[in-house]
Amino acid sequence: MTMMRAIGLMSGTSLDGVDVALIETDGETVKVLKGHNNFLEPLGPTGYRGYADDEKALLRAATKDAESVVSPSDRPGRLPEAEGFVTAAHAEAVEHFMNDHGLSASEIDVIGFHGQTVIHRPDHRLSIQIGDGQALATRLGIPVVSDLRRADIDAGGQGAPLVPIFHKALAEASGFDGPFGILNIGGVANATLIDSRGNIIAFDTGPGNALIDEWMQERENKNLDDGGRTAARGRPDEPLLAWLLTHPFFVRRPPKSLDRNWFSHKLAGQLSTEDGAATLTAFTARAVARALDHAPEIPTRWIVAGGGARNGELVRLLNYHLRAEITTADAIGWSSAYLEAQAFAHLAVRSLKGLPITFPSTTGVREAITGGVLARP
């Protein structure tokens, strides 16, 4: 199959900004280069457009307003304003990225546009990622595939996680054999488990960075717990952790996905800053460990990506609870920060070619189906 050049865009539930990544893929495989000592070279150039404080405030307000949504087309409160902003911010991110790397629109085959999730309630057939794919395609002069969760949700799936098929392609291209797990820790954490026969299951494991980030924002006016240093100085509240892990989500069999708003950092509100950070960090790690309850084969190796891969205390706890080799994506030549953006580039190409992007073992949909809405300039 012919390789295509695709740009993927991701703005996660951490609300920190827009990730941009360019890869080459035919929808089945990804182009991976091996450098010195077989260390994997980056898949392609990446870029980033951060959100300012007022922009983050707008997105938080829109997420709050989305709680009253009952239909995918509903846009109450500040959602229309936020949707316009998300579209413009992603356009700016791509424009700066292409300028920085000397790229023209004619050199890019497609853009995978995730948008900004403001509500995810698959049990109510509802998951909204704001952002106007047609407006983005028109402004950039490049075809855009967006709304990648809708078809799966309409067919009875969870609409998440979407990245496992890219995880599998990247693992195969890198020469990795199962059983192993790929853990992406964004605002929400999700795991892809690949067994020794190459079969995959995938699901959200629980909160990722979101609760920790919100805790640090409220207590210290910081965007995150840098390196997990605050958590490392604290002590987890064991009774609170035990109670949190009784939530019905953790005993549900996968496939399953988590609404970002099911848990709140305010549950640790009675604790000191350090103890609260320690508790919320331990919550993320122990929720991942609970994923082993659903593993057909226990992974002997985990590759950790997303913002959580930079949290040393979280990685330390994962090492302790998972009892397996833990490697960050950056350490093997993958990208911790841009793995999801790369995935949406891959998914856009699969969508263009009518290839499935979700599967019974990843989202619970009845049969493997494609998805996404194509907008041409």
Check the side chains of Ser11 and Gln116 for a donor-acceptor pair under 3.5 angstrom, ignoring hydrogens and angles. yes
According to a 4.5 Å side-chain heavy-atom criterion applied to Ile, Leu, Val, Met, Phe, Trp and Tyr, with indirect links allowed, do Phe166 and Leu352 form part of one hydrophobic cluster? no
Please step through salt bridge (Lys or Arg N to Asp or Glu O under 4.0 Å) for the pair Glu238 and Arg286, ending with a clear verdict. CA-CA 11 Å; Glu238 293 295 339; Arg286 295 188 198 184; 2.9 Å; yes
Is any side-chain heavy atom of Leu136 less than 4.5 Å from a side-chain heavy atom of Gln134? no
CA sep, side-chain torsions, deciding dist, call: Lys353, Met4, side chain to side chain contact (heavy atoms under 4.5 Å, CB included): CA-CA 11 Å; Lys353 297 185 175 185; Met4 302 177 74; 3.7 Å; yes
Look at the side-chain heavy atoms of Ile, Leu, Val, Met, Phe, Trp and Tyr, link any pair under 4.5 Å apart, and say whether Ile23 and Phe176 land in one connected group. yes
Non-hydrogen side-chain atoms of Leu183 and Leu318 separated by less than 4.5 Å: yes
I would like to know whether Lys266 and Glu218 meet salt bridge (Lys or Arg N to Asp or Glu O under 4.0 Å); could you show each step before the answer? CA-CA 10 Å; Lys266 295 184 183 299; Glu218 182 175 288; 3.0 Å; yes
Run the side chain to side chain contact (heavy atoms under 4.5 Å, CB included) check on Lys56 and Asn223 step by step: do they pass? CA-CA 11 Å; Lys56 293 178 183 179; Asn223 291 327; 3.4 Å; yes
Pair Leu103, Phe97 - check side chain to side chain contact (heavy atoms under 4.5 Å, CB included), show working. CA-CA 8 Å; Leu103 296 166; Phe97 171 79; 3.9 Å; yes
Do Asn199 and Asp195 pair up side chain to side chain, a donor and an acceptor below 3.5 Å, judged on atom types alone? yes
Roughly how far, to the nearest 0.5 Å, is CG of Asp16 from CG of Leu224? 9.0 Å
Side-chain heavy atoms under 4.5 angstrom apart, residues restricted to Ile, Leu, Val, Met, Phe, Trp, Tyr: same cluster for Leu140 and Phe344? no
For the side chain of Thr281 and the backbone of Ala231, is there at least one donor-acceptor N/O pair under 3.5 Å apart? no
Once rounded to the nearest 0.5 Å, what's the spacing between atom OG of Ser127 and atom CG of Asp154? 10.5 Å
More than 12 non-hydrogen atoms from neighbouring residues, nucleotides or ligands closer than 6.0 Å to CD on Glu367, yes or no? no
Without hydrogens or angle criteria, can the side chains of Asp237 and Thr279 be said to hold a donor-acceptor pair below 3.5 Å? no
On a heavy-atom basis, the closest approach of Ile128 and Pro72 is CD1-O, 3.7 Å
Without hydrogens or angle criteria, can the side chains of Gln129 and Thr117 be said to hold a donor-acceptor pair below 3.5 Å? yes
Testing the 3.5 Å rule here: is there a donor-acceptor pair between the side chains of Asn221 and Gln217? yes
Salt bridge flag under 4.0 Å for residues Glu67 and Arg121: no
In sequence, state the C-alpha distance, the side-chain angles, and the governing distance for Thr358 and Ile369, and then conclude on side chain to side chain contact (heavy atoms under 4.5 Å, CB included). CA-CA 6 Å; Thr358 58; Ile369 61 171; 3.5 Å; yes
Asp74 side chain to Val70 backbone, donor-acceptor under 3.5 Å: yes
What pair of heavy atoms forms the shortest contact from Pro164 to Thr362, and how long is it? CB-CG2, 3.9 Å
Could you tell me whether a side-chain N or O of Asn319 sits under 3.5 Å from a main-chain N or O of Val315, the two making a donor and an acceptor? yes
If we only count heavy atoms from C-beta on, is the Met98 to Ile142 side-chain gap below 4.5 Å? yes
Is the closest side-chain heavy-atom distance between Leu355 and Glu28 below 4.5 Å? yes
Exercise: identify the closest heavy-atom pair between Ile185 and Thr284: CG2-CG2, 4.4 Å
Is the backbone of Arg235 close enough, under 3.5 Å, to the side chain of Asp275 for a donor and an acceptor to pair up by distance? yes
Just wondering, more than 12 heavy atoms not from Arg252 lying within 6.0 Å of its CZ? yes
For a side-chain hydrogen bond (donor to acceptor under 3.5 Å, both in side chains) check, start with the C-alpha distance between Ser257 and Asp204, then their side-chain angles and the critical distance, and finish with the verdict. CA-CA 5 Å; Ser257 60; Asp204 289 346; 4.6 Å; no
Does the side chain of Ser174 pick up a donor-acceptor pair with the side chain of Trp334 at under 3.5 Å? yes
Ile111 versus Val94: any side-chain heavy-atom pair under 4.5 Å? yes
Arg149 and His114: side-chain donor and acceptor closer than 3.5 Å? yes
Has the side chain of Arg366 got a donor or acceptor atom that lies under 3.5 Å from a matching backbone atom of Ala155? yes
Keeping Arg323 on the side-chain end and Tyr320 on the backbone end, is there a donor-acceptor pair under 3.5 Å? yes
Indicate whether any N or O donor in one side chain lies under 3.5 Å from an N or O acceptor in the other, for Thr230 and Asp225. yes
Is it the case that Ser196 and Glu297 place a side-chain donor and acceptor less than 3.5 Å from each other? yes
Do Glu340 and Asn184 have side chains that get closer than 4.5 Å, going by heavy atoms? yes
Between CG on residue Asp19 and CG on residue Leu339, distance to nearest 0.5 Å: 10.5 Å
Does a side-chain heavy-atom distance below 4.5 Å link Arg350 with Ile165? yes
Heavy-atom side-chain contact between Leu292 and His294 under 4.5 Å: no
When clusters are formed by joining ILVMFWY residues with side-chain heavy atoms under 4.5 Å apart, either directly or through shared neighbours, do Ile298 and Ile182 land in the same one? no
Minimum heavy-atom distance Asp26-Met3, with the two atoms named: N-SD, 3.5 Å
Regarding Asp330 and Ser336, is there a side-chain donor-to-acceptor distance under 3.5 Å anywhere? yes
Taking the six-membered ring of Phe85 (Phe, Tyr or Trp), confirm whether the NZ or CZ of Arg78 is under 6.0 Å from its centre and within 45° of its axis. no
Does any N or O in the side chain of Ser68 come within less than 3.5 Å of the main-chain N or O of Asp65, such that one atom is a donor and the other an acceptor? yes
Using modelled atom types only, decide if a donor and an acceptor are shared between the side chain of Glu107 and the backbone of Ser104 within a distance under 3.5 Å. yes
Which atom of Ile153 lies closest to which atom of Gln158, heavy atoms considered: CD1-O, 3.4 Å
With hydrophobic residues grouped by side-chain heavy-atom distances under 4.5 Å, do Val349 and Val145 end up in a single group? yes
Determine the minimum heavy-atom distance between Glu83 and Gly131, stating which atoms define it. OE2-N, 2.9 Å
Does NE2 in His96 sit with more than 12 non-hydrogen atoms of other residues, nucleotides or ligands closer than 6.0 Å? no
Glu274/Arg229 under salt bridge (Lys or Arg N to Asp or Glu O under 4.0 Å): CA gap, chis, key distance, verdict: CA-CA 9 Å; Glu274 292 78 8; Arg229 295 181 182 88; over 6 Å; no
Apply the hydrophobic cluster definition, ILVMFWY joined by side-chain contacts under 4.5 Å directly or through others, and give me every member besides Leu244. Val188, Leu211, Ile212, Trp215, Met216, Leu240, Leu241, Trp243, Leu245, Phe249, Phe250, Leu258, Trp262, Phe263, Leu267, Leu271, Leu280, Phe283
Please check if atom NE2 in His101 has more than 12 non-hydrogen atoms from other residues, nucleotides or ligands closer than 6.0 Å. yes
